[in-house]
Protein chains: 2
Amino acid sequence: MNKNTLSSFVKSRRKILGLTQVDLALKSGVGLRFVRDMEQGKNSLRVDKINQVLYLFGHVMSPVNIGGSDNVEES
Amino acid sequence: MNKNTLSSFVKSRRKILGLTQVDLALKSGVGLRFVRDMEQGKNSLRVDKINQVLYLFGHVMSPVNIGGSDNVEES
DNA sequence: TTGTTTTATACCCTTTAAGGTATACTAATG
DNA sequence: CATTAGTATACCTTAAAGGGTATAAAACAA
């Protein structure tokens, strides 16, 4: 389990919206277990499921340059 | 099967390096079938496997804003 | 055309992600 | 302290991803 950017991104975004993991699972349509796996940095997740969650944050998974600034490209 | 950016990204990058699908599979350590699924826009792929391939291109999957310019953020 | 290389499709098998449920562990509150 | 809300961990089942192989279809060269 990594110090993953996706992990921290989801966790922080979720809290900004004032959602619990349960809320996020319901709104995105993925299982609660999946949300938890994401936030704990599991890296063998399916990208379509990840996107299902990221859509709520107006984001999608996409190829970016390695070392492309530490933050997740602007807001 | 989508008009996926990942699909076209991998395909074009691979050709730039003059690799066949077999070459890419061998160099990245994923199966040939996986490379083909990627290039055909299958969207239920595991993100760690995708990254295994993208590393060869100096890229990783990361959350980006939806509509964050159509191209894949510079070269 | 034929031959060769690359890519696409199809089948089967093994592994495992995803989800559900239940249980524990933490914060937090009162 | 106890009670609750939120999060983490564990077990089980099902569906499907990933990989291998084989075949077919393109793509390109001779």
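So you know, we letter chains A, B, ... as the sequences are listed, proteins then strands, and number each from 1. Everything numeric in this text was worked out from a predicted model, so none of it was measured.
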What nitrogen or oxygen pairs link the protein and nucleotides 23-30 of chain D at under 3.5 Å?
none

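First and last contacts of DNA chain C with chain B, using any nucleotide atom under 4.0 Å from a protein heavy atom and ordered 5' to 3', fall at dT6(C) to dA17(C).
Scanning residues 21-34 of chain A for heavy-atom distances under 4.0 Å to DNA chain C yields Val30(A), Gly31(A), Arg33(A), Phe34(A). Within residues 45-52 of chain B, the residues approaching DNA chain D are Leu45(B), Arg46(B), Lys49(B), by heavy-atom distance under 4.0 Å.
If you take CD on Gln52(A) and CG on Asn43(B), they are separated by 10.0 Å, rounding to the nearest 0.5 Å. Note: Gln40(B) CD to Ser7(B) OG = 8.0 Å, rounded to the nearest 0.5 Å.
Rounded to whole Å, atom P of dA8(D) lies 13 Å from atom CE of Met38(A). When the C1' atom of dG6(D) is taken as reference, atom NZ of Lys15(A) falls 9 Å away, rounded to whole Å.
Applying the 4.0 Å criterion to OP1 and OP2 of dG6(D), one finds that Thr20(A) has every side-chain N and O outside that range.
For Asp48(B), the salt bridge (charged side-chain N to carboxylate O under 4.0 Å, His left out) partners two or more places apart in sequence, or in a different chain, are Arg46(B). The salt bridge (charged side-chain N to carboxylate O under 4.0 Å, His left out) test applied to Arg36(B) returns no partner, not counting sequence neighbours. The side-chain contact (heavy atoms from CB on, under 4.5 Å) test applied to Ser12(B) returns no partner, not counting sequence neighbours. Residues forming a side-chain contact (heavy atoms from CB on, under 4.5 Å) with Leu17(B) (at least two apart in sequence, or on another chain): Leu19(B), Phe57(B).
Within the structure, the salt bridge (Lys or Arg N to Asp or Glu O under 4.0 Å) test picks out the following pairs touching residues 14-26 of chain B (sequence neighbours left out): Arg14(B)-Glu39(B).
At a threshold of 4.5 Å between side-chain heavy atoms, the hydrophobic network of Ile, Leu, Val, Met, Phe, Trp and Tyr places Leu56(A) and Phe34(A) in one connected group. Tracing side-chain contacts under 4.5 Å through hydrophobic residues (I, L, V, M, F, W, Y), one never reaches Val10(B) starting from Leu26(B); they form parts of separate clusters.
Residues Leu32(B) and Val22(B) share a closest heavy-atom pair of CD1-N, 3.9 Å. Minimum interatomic distance between Lys49(B) and Val30(B) (heavy atoms only, all atoms of both residues): O-CG1, 4.0 Å. Closest of all the heavy-atom pairs between Leu54(A) and Val60(A) is CD1-C, 3.9 Å. In this structure, Leu6(A) and Pro63(B) approach most closely via the heavy-atom pair CD1-CG, 3.8 Å.
You'll find the side chain of Ser62(B) stays beyond 4.5 Å of the side chain of Met61(A), heavy atoms only. Residues Ser44(B) and Asp37(B) are not in side-chain contact: their nearest non-hydrogen atoms beyond the backbone lie 4.5 Å or more apart.
Overall, the helix from dT1(C)-dA30(D) to dG30(C)-dC1(D) carries an axis bend of 50° between its ends, with five pairs at each end and the value rounded to 10°.
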